[in-house]
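Chain naming here is simple, since letters A, B, ... match the order of the sequence lines and numbering starts at 1 in each. Note that the structure is predicted; figures quoted are calculated from it, not measured. Worth knowing before you read on, the calculation uses all heavy atoms, side chains too, and leaves out hydrogens, waters and symmetry mates.
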There are 2 protein chains.
Amino acid sequence: MILAELQRDATQPYAALAQIVGLSPGAVHERVRKLRERGVIVRTTVDVDPAAVGRGVLAYVLINAGAWMGGEETAEALEAIPSIEEAHVVAGAATLLVKVRTQTTEELQATLKKLFDVPGVTGTQTIVALETFFERPIDVVARPVRGTSKGAR
Amino acid sequence: MILAELQRDATQPYAALAQIVGLSPGAVHERVRKLRERGVIVRTTVDVDPAAVGRGVLAYVLINAGAWMGGEETAEALEAIPSIEEAHVVAGAATLLVKVRTQTTEELQATLKKLFDVPGVTGTQTIVALETFFERPIDVVARPVRGTSKGAR
DNA sequence: GATGAAAAGTCTAAAAA
DNA sequence: TTTTTAGACTTTTCATC
């Protein structure tokens with residue numbers, strides 16, 4: 001509940017959150033402190049409009065590999081490419097999946113070229129997003145949990 | 001510069017940002033206010049550890065359609081499924097791409113079942129993430145801009 | 001854990017340059 | 001657009017429940 005509110009607007013004062021959850025501001029402060037301490041809240045950040053900062057082109061790139069690419073060297077090579085926002089090792093026809101944002105399709109092409117320089121990459125398949133319906137925070141609302149006596153915290 | 005700092009840590013006082021960018025806190029406040037006003041900063045939020053809130057399973061689902069699915073009804077139907085974090089209309093072999101987070105693979109299966117109830121869906125292809133190398137904020141650092149006399153703001 | 005209150009720190013707006 | 005200033009508001013701590 002507090003988490004969902006903070007996802008929605010992390011600029012709210014503790015007094016506002018306190019009213020929403022029915023606690024004192026001090027108690028909310030303590031709970032949020034613990035959520036940070038435990039690592040449930042990873043960071044407080046601002047969401048930026050991609051188009052406003054020259055990242056209007058979005059694509060997902062499936063990467064095929066001729067060797068195992070789940071190592072730290074691969075992670076570092078991908079992190080060094082600023083237009084890559086996410087990188088995952090995946091199961092399926094491909095080995096890796098990366099999320100790429102660029103200003104233009106030319107820059108997307110340049111990113112693909114860089115990907116081919118990453119050791120092990122043998123091929124890519126690019127899926128270009130034509131329209132984004134939505135991108136939203138992780139759903140943290142307690143759901144019916146089966147097999148446990150406690151609900152999601 | 002201010003944007004990148006806020007992405008990294010939006011809890012910093014303006015005085016700290018002011019020192020980093022070499023301005024007075026008042027000037028930083030004014031710049032941030034304008035970034036929000038213009039919609040460059042969409043919102044201030046907290047990033048949550050997916051595993052900590054029962055969302056340890058990550059998958060991307062490519063959706064095939066037997067009809068045009070770029071409409072508002074499709075967007076709403078997908079938004080109604082809480083485990084879907086992103087939804088895009090894409091170019092390529094598939095029609096839509098959605099990012100799904102669930103607690104278990106059973107719940108992932110339940111999400112796929114829900115997807116087949118969305119009008120127009122004729123098939124899906126699921127890519128399960130085995131490991132996430134990184135997920136990070138959009139790169140907002142000014143890059144060499146070709147074709148314009150002004151740099152990225 | 002939660003409360004309430006005091007102290008420290010920060011935000012915000014406004015005037016002036 | 002930036003700086004400075006000052007009052008209002010928030011965060012943070014701490015004693016207490």
Side-chain angles (χ1 to χ4, degrees), chain A residues 1-55 137-145 148-153, chain B residues 1-55 137-145 148-153:
Chain A
M1 190 81 206
I2 290 178
L3 264 185
E5 271 303 315
L6 286 175
Q7 285 180 319
R8 198 178 63 72
D9 179 9
T11 66
Q12 294 178 88
Y14 289 127
L17 296 170
Q19 198 152 29
I20 292 168
V21 301
L23 285 174
S24 71
V28 172
H29 178 254
E30 180 62 11
R31 286 197 182 189
V32 173
R33 193 191 64 74
K34 283 178 184 165
L35 285 170
R36 286 189 213 278
E37 188 185 57
R38 286 185 211 147
V40 177
I41 293 176
V42 178
R43 70 168 139 195
T44 303
T45 187
V46 292
D47 284 354
V48 167
D49 175 21
V53 294
R55 297 277 178 202
I138 296 173
D139 175 55
V140 293
V141 176
R143 276 150 298 118
V145 176
T148 309
S149 60
K150 293 182 179 177
R153 273 171 282 189
Chain B
M1 189 86 205
I2 290 180
L3 264 185
E5 271 302 315
L6 285 175
Q7 285 179 318
R8 199 179 61 72
D9 180 8
T11 68
Q12 294 177 88
Y14 289 128
L17 296 171
Q19 197 149 30
I20 292 168
V21 300
L23 285 175
S24 70
V28 172
H29 178 254
E30 181 61 12
R31 286 196 183 189
V32 173
R33 193 191 64 72
K34 283 179 184 163
L35 286 170
R36 287 189 212 279
E37 189 185 57
R38 285 185 212 146
V40 177
I41 293 176
V42 176
R43 70 168 140 194
T44 303
T45 188
V46 292
D47 283 355
V48 167
D49 174 22
V53 295
R55 297 276 179 202
I138 296 172
D139 176 55
V140 294
V141 175
R143 275 152 298 120
V145 175
T148 309
S149 59
K150 292 183 180 179
R153 275 170 279 187

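- One finds a salt bridge joining A:E30 and A:R33 here, because a Lys/Arg side-chain nitrogen approaches an Asp/Glu carboxylate oxygen to under 4.0 Å.
- Note that the CZ atom of A:R43 and the CZ atom of B:R8 stand 9.5 Å from one another [nearest 0.5 Å].
- Using a 4.0 Å cut-off, some side-chain N or O of B:R31 falls inside it from OP1 or OP2 of D:dT2.
- Side-chain proximity of B:P13 to D:dT2, C:dT10, C:dA2: nearest is C:dT10.
- Atom-to-atom, CD of B:Q19 to P of D:dT2 comes out at 17 Å; the value is rounded to the nearest Å.
- Between B:K34 atom NZ and C:dT12 atom P there is a gap of 16 Å when expressed in whole angstrom units.
- Here the C1' atom of nucleotide D:dT12 and the CZ atom of A:R36 are 13 Å apart, to the nearest Å.
- In this structure, the separation between CD on A:Q12 and CD1 on A:I2 is 10.5 Å, given to the nearest 0.5 Å.
- Look at A:H29 and you won't find any side-chain N or O under 4.0 angstrom from OP1 or OP2 of D:dT11.
- Atom CD of B:Q12 is separated from atom P of C:dG9 by 18 Å (rounded to the nearest Å).
- Across the protein-nucleic acid pair, B:R33 atom CZ and C:dA13 atom P stand 8 Å apart, rounded to whole Å.
- Straight-line distance from the CD atom of A:E30 to the C1' atom of C:dG4: 15 Å, rounded to whole Å.
- For the atom pair CG of B:D9 and OG1 of A:T45, the computed distance is 8.5 Å after rounding to the nearest 0.5 Å.
- Rounding to whole angstrom units, OH of residue B:Y14 and C1' of C:dG9 are separated by 15 Å.
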